[in-house]
Every structure is written in structure tokens, then in C-alpha cells.
There are 2 protein chains.
Amino acid sequence: MVRLVIVDDHPVVRGGLRDTFADAEDIVVVGEAGDGAEGIERAATLAADVVLMDLRMPGMDGVAATAALRERVPSARVLILTTFDSESDVLPAIEAGATGYLLKDALPDELMRAVRAAARGESVLAPSVTQHLMGQVRKSGASTLTDREKEVLQLVANGSSNREAAAALFIGEASIKTHLLHIYDKLGVRDRAAAVAEGYRRRLLR
Amino acid sequence: MVRLVIVDDHPVVRGGLRDTFADAEDIVVVGEAGDGAEGIERAATLAADVVLMDLRMPGMDGVAATAALRERVPSARVLILTTFDSESDVLPAIEAGATGYLLKDALPDELMRAVRAAARGESVLAPSVTQHLMGQVRKSGASTLTDREKEVLQLVANGSSNREAAAALFIGEASIKTHLLHIYDKLGVRDRAAAVAEGYRRRLLR
DNA sequence: TCCCGCCTCCCCCGTTCGGTGGATGTTTGG
DNA sequence: CCAAACATCCACCGAACGGGGGAGGCGGGA
């Protein structure tokens, strides 16, 4: 069951979204908020799995709210839902830690699939957004594991302790620890077990 | 001298098998039967040491016949002889008490060795069957993860510490540790990270 | 009926991890 | 050419974990 929080400053939009997800048996809207700060509170206290966030809001905007939310509740995925696919917003949102970026003209069915995908940690982008992203990405790759980090994560997934991983890679144990800390940071987790899980969810591991 | 009973619904197959064992000085075919019920009778009255049993038969099938035979004549060993190594049949047959599981394309020499081995109570499996069995065992090993254990593993994959998992399940931390030790044992790993990895590989986690 | 698997909990101990706060050398791309 | 990212290491500490013992209750199958 995916616990969803809706953050949008328009009551009408919130109502429409709520109705949309009323049909889904595996998604429950546990809370709503009218601005970013409130949304963060709701997401934290209600243990949200996914937060559907509007970008244009009074007070704290969606990007800032996303960043703050990722900080406060690392387990919550943020799905940006906005009217325009202005490229100026996409990158900041992704960099802030958004898991997906959808347009408000998305069909209900698409929305639900996106929420489910986000809950699994998969990135969801509106097709038109993908275009923009493909062109410009791969430089800001803020949350991409380096080859070395992937090697370390793979070893850990295979049951290696830090010491064993170090031996396998012919480096010091301290380096393994450093790599792991970087991995935790990038994946938004706090221990090796969750990192491995996230690695599988993001298809970094097999 | 091994007293052998052949149970198969095809007279041709029975004939072929009879011929096969005609050469063996230490094996004597004391009886034949065309279906399961008859096979049990023959095995009982003829004091069979080994029963060579087809799986696909009209009336009582090989698996049921094997179980019934083990019940009636515990001293008789059952060797399953079938055309297909369909994995769905291997496990039930073994569970029913079959001592071995052979394919009909086995060479006469192999057949005789298998019968002798079965008479000694040794388990005999066709090589290709072993493959399937390993897969099944692995799969069933996976499914022998208790519901509770799966819950624990899921929580750990989601980043919970033992304490947090305990709180989430309303049980003590010690119980989480016990569950995890059982999980490690079943999955053949030594720490939570590897357990999570194995969980994903075996599709216990998503 | 009795035994086995499951779930729950306990103690104790050594080891490993995660977090902090650095440092240095190398590669790479604007 | 220089900043940024990467990879490598150091020391220290508290918390968490893994492993070794049990043990009691409970329900279902032989």
C-alpha cells in the first residue's frame, strides 16, 4: 500500500487528485497540504511513501520543498506535478531529489502508474520532459554512482564486510568506508542493507 | 539378489525393461503390473526389494502409488521412471517416498546401477533431474522464509535498524535479531546487506 | 498424543559499522 | 589552467550488529 501525500495550493486540484486515487486499491491518500512547509510536515508525520508536489506554490516553492523533504524524510519519494515542462524547472527539481516529473495533463492511469513506480524508487518522467533531460543531463549527475562505488556496492551485496571488500579491491578498509558513505548519501539511505535494496530497485545491482 | 517389480502401463516398455534386466545376474524381475494398484499388490505379495514405477499411468498414478506402497511395504524401494523430468513431478514423488527418479532415456547400464543402488537404500537421481531439484529446493528454500521473516527482511531492506523494525512490528529487538539469524541461515548469508541482496535475487523483495 | 516449526524473548560478548572531520594525489572538463 | 569530481587513506567513538547460548508458548500435523 503506497501512502501518498498531495501538496498543491489549489483546493480544486487537490480534490481532483484525491478522486483520481480513490479508485486505486494499492494507493491511499493519507494527507494533503497547501504549501511546501505544510507538505513537509504532513509527509514526515504521516510516513508518506510518495509526495505529489506542485512546483508553483506560494511561500516555499516545490523545488525548495523537495530538497527540504529529501533531507527530513529520505524514504519519501517526491513526484513533481506541474503545468509547464519548462526546462528551467526540470533540472533543479531533479537535482533537489525529485524522483519524477509529471505534467498536469497526464491521464489518471498514468498518474497512478507513476506513483507506483515512484514508490519503488523508479524515476518517472513525462515523455516530453525526457527529451529535455536527455539533451542536457549527464553532467549534473548528482545521484549517479561512480564505477568504483558500484563495485563496492556489488561486493557488499555479495556479503563482503568492509575488510573483505577492501581486500578484493586491493585498497584500504578506510576507502571502502568512504565509498560507502558516498553511496549512502547518493542513494539517500543510512546503512548498507538499505543501500543494497536501493541498488536493486534502481537496477544498479543484479 | 535384488527382487524387482516393474510397474508401467505400456506392455512394450515392460518388455524392454524385462530384457534389460535379463542379463543382470544379481537382479531378477519377479513381477509386473500395468497400474498402480496392481503394482502395490505385486510388490507386497512378491516381496519386492525395488519397484520400478512409471509416473504416468491410468488409475492410480505413480506418486499416489508410491505413497501407498511405502505405507504397505516399507521395505520396498521405489524408483520413479518417467519420460519427462517435469519439475512439477519430481518433488511430489520424492516427498511420496521415492528413492530415485530416472528418465526413460537412461542407458540399460545406468538402470541396473540405479536398481542396485536403490536396493541398498541409496538415492538415485538422473543428472538432469538434479538440476531441477536444486532449483526447486532453492525456490522452496526461498518460500520457507516465514511470513514474519519476510516482513522483517522487507523492513531491513527499507533501512530499518533492528530497533526500528521491532517498533514497526510491535515486538522486541531480540526477536528481530532471532528472525534475522534464521533468515541468514535460510538464505546462506552472514549479514543483513547480503540477505537483502539475496531477497531481491530470489524475488522475495521488490 | 507428542513432536516440530514458528514466534517471542533473554543474556553476553566481540566485531563491525556509521559518522565525523579531516588529508592527499589524480583525472577531467570547461 | 584550475575547479570539481574522484579515489585513496587516517583516527576516533558510540551504536548497532552477528553469534553463541537458551527458553517458553502455541498451533498443526504425524
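The figures here come from the full heavy-atom set of this structure, side chains too, leaving out hydrogens, waters and symmetry mates. Nothing here was measured: the structure is a model prediction, and the numbers come from that model.
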Quick one: which protein N/O atoms are closer than 3.5 Å to N/O atoms of nucleotides 25-30 of chain D? Pair and distance per line, please.
none

Measure the distance from CD1 on B:Ile183 to C1' on C:dT8 and round it to the nearest whole Å.
15 Å

Separation of atom CD in A:Glu149 from atom P in D:dA5, rounded to whole Å
13 Å

Contact letters for nucleotides 17-22 of chain C, in which S counts primed atoms plus P, OP1 and OP2 and B counts the base, heavy atoms under 4.0 Å
SBBB--

Tell me every residue that passes side chain to side chain contact (heavy atoms under 4.5 Å, CB included) with B:Ala193, counting only those two or more places apart in sequence or in another chain.
A:Val156, A:Arg192, A:Val196, B:Asp191

Work out which heavy atom in B:Ala48 is nearest to a heavy atom in B:Val5; give both atom names and the distance.
CB-CG2, 3.6 Å

Filter on ring-ring contact (aromatic ring centres under 6.0 Å, His included), then keep only pairs touching residues 182-206 of chain B, sequence neighbours left out; what's left?
A:Tyr200-B:Tyr200

If the helix axis at each end comes from five base pairs, how far does the helix from C:dT1-D:dA30 to C:dG30-D:dC1 deviate from straight, to 10°?
60°

Under 4.5 Å between any side-chain heavy atoms of B:Val2 and B:Met112, yes or no?
no

Within this structure, what is the CD-CG distance for the pair B:Glu198 and B:Leu153, rounded to the nearest 0.5 Å?
10.0 Å

Spatial distance of atom CD (B:Glu32) from atom CG (B:Leu17) [nearest 0.5 Å]
8.5 Å

Among all residues two or more places apart in sequence or in another chain, which pass the side chain to side chain contact (heavy atoms under 4.5 Å, CB included) test with B:Ala174?
none

Reckon A:Ser175 has a side-chain N or O less than 4.0 Å from the OP1 or OP2 of D:dC9?
yes

Where the side chain of B:His179 is defined as all heavy atoms beyond and including C-beta, which of D:dC10, D:dT8, C:dT8 is the nearest nucleotide?
C:dT8

Between C:dC10, C:dC7, D:dC9, spot the one nearest the side chain of B:Ala174, thanks.
C:dC10

